[in-house]
Amino acid sequence: MENWNDLKLILSVAKNGTLTAASVDLNVDVSTISRRLTGLEKEIGKSLFTRKDRKMMPTQYCLKITEVAQQMSRDINSLINDNSDGIIQFNLTTVESLAFSLINSDFLKRLSHNEKINCSINISNENKSLFERQADIALRLGRPSSENSLISKKIGSMKYGIFSKSKRLSENSPFVDFSADIAESFYSFEQREYLNTHFSNKYVSSNSVNFIRNLICNQSAHGILPVFIGDSMGLFRQHPRFNVEKDIFMIYHSKWRYHKGFHAFKDSIIRALMTSL
C-alpha cells in the first residue's frame, strides 16, 4: 500500500463509520469506495473492517494503519503550514529549576536578538498540557507519559544536593524540602528513607526553588537545591553521599517535526541548558 489516497480512504471510513458518510467526505461514489477497500484487503491479505448493521468497524490491524496515516497527515500539514520564512510564535513551559538554567545562560539574550521567533515562557512547577495545546514545547524532570501526538527526547540530567550557607549547621537549623506531593515521585525509596532518618523533625516544605534558596542564603536553613545553583552561589554541600539525579526531557508536538525554525529554537534551548548545568 503505497498510495496516500488509499490511506486517506481508510482514514475516512474509520472516522465516519459508514461508506455513505465516507463517500460524502471524499466526494467519491460508495461503490468506488467499496471496490477499493475490497482490493486493498486482497492486496494486504488482511481484513480492514468488519461490517455490522451497515457500520464499518475497524479491525486492530486497521487501527494501526490509521494511527500511522494520522501521523503522516499531521506531518504533511506541518510542512504545508511551515512559516519558517516568517515570525514563529512558541509557547515554552518549564519547571522553576530548569528556568534558572535558561536565565543563567545567554539564552534570553540571544532570543531577544532573533527577529524570527516570538517566545512566551511559562515558569511553573505545574505542567502545562501540550496534549491540550496549552504549550508548544515543555521541559520536564523525569520521563513523561507517552502521547501519540507528542515527541519526547532526553536531553540531559540535573543533579540535586543538600546545601547550606554555613559550613557548620546550627542544631536547630530546619531542613527545607519539596512538599509531599512532589517529593513522593521525586525521591527513590532509599533517598526518602535517608531524609526521614536525618531530618524527620526539622522539615519545612516548599515547591519553590527560589524560596528554598532564599532561606538557605539567610543562614536560617539548609535544603535541597540543584547542584549548579548551590555551587554557583558558593554554598556548602552537606551530606555529600546524598545525591539525586533527574533526567531532563524535552517534549514537543509532532507537528514541529520538519520545521527548520523550530529545530533551531529547540537546539538553542538544549545548548543553553547543557552550558549552565
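Just so you know, these numbers come straight off a predicted model, no measurement behind them. Just the heavy atoms: all of them, side chains too, but no hydrogens, waters or symmetry mates, feed the values below.
- No donor-acceptor pair under 3.5 Å is formed between the side chain of Ser34 and the backbone N or O of Ser31.
- Smallest separation of non-hydrogen atoms from Leu235 and Ile216: CD1-CG2, 3.9 Å.
- In this structure, Gln60 places its CD atom where only 12 or fewer heavy-atom neighbours from other residues, nucleotides or ligands lie under 6.0 Å away.
- A salt bridge between Asp25 and Lys15 is present, with a side-chain N of the basic residue lying under 4.0 Å from a carboxylate O of the acidic one.
- Residues Arg51 and Glu41 are paired through a salt bridge, judged by an N-O separation under 4.0 Å between the basic side chain and the carboxylate.
- Shown here is Met57, whose CE atom has no more than 12 heavy atoms of other residues, nucleotides or ligands within 6.0 Å.
- Tracing side-chain contacts under 4.5 Å through hydrophobic residues (I, L, V, M, F, W, Y), one never reaches Ile44 starting from Leu63; they form parts of separate clusters.
- With hydrogens and angles disregarded, no donor-acceptor distance shorter than 3.5 Å links the side chain of Gln191 to the backbone of Phe242.
- Shown here for Val13 and Ala22, the closest heavy-atom pair between the two residues is CG2-CB, 3.8 Å.
- Ring-plane geometry between Tyr194 and His239 is classed as perpendicular, the angle between the planes exceeding 60 degrees on a 0 to 90 degree scale with a lower cut at 30.
- A donor-acceptor contact shorter than 3.5 Å is absent between the side chain of His222 and the backbone of Ile162.
- Between the side chains of Asn91 and Ser120, at least one donor N or O lies within less than 3.5 Å of an accepting N or O.
- Closest non-hydrogen pair, Asp177 versus Ala183, comes out as OD2-CB, 4.4 Å.
- Partner Arg140 forms a side chain to side chain contact (heavy atoms under 4.5 Å, CB included) with one of Ile251, Asp247, Leu98, Val95 and no other, that one being Ile251.
- A side chain to side chain contact (heavy atoms under 4.5 Å, CB included) with Thr94 is found for one member of Ile121, Ile248, Leu273 and no other, namely Ile121.
- Both tests do not hold together for Lys246 against Tyr160: distance to the six-membered ring centre under 6.0 Å, angle to the ring axis within 45°.
- Following chains of ILVMFWY side-chain contacts shorter than 4.5 Å, one can reach Leu7 starting from Val28, so the two form part of one hydrophobic cluster.
- A distance-only check finds no donor-acceptor pair linking the side chain of Thr59 to the backbone of Phe49 [under 3.5 Å].
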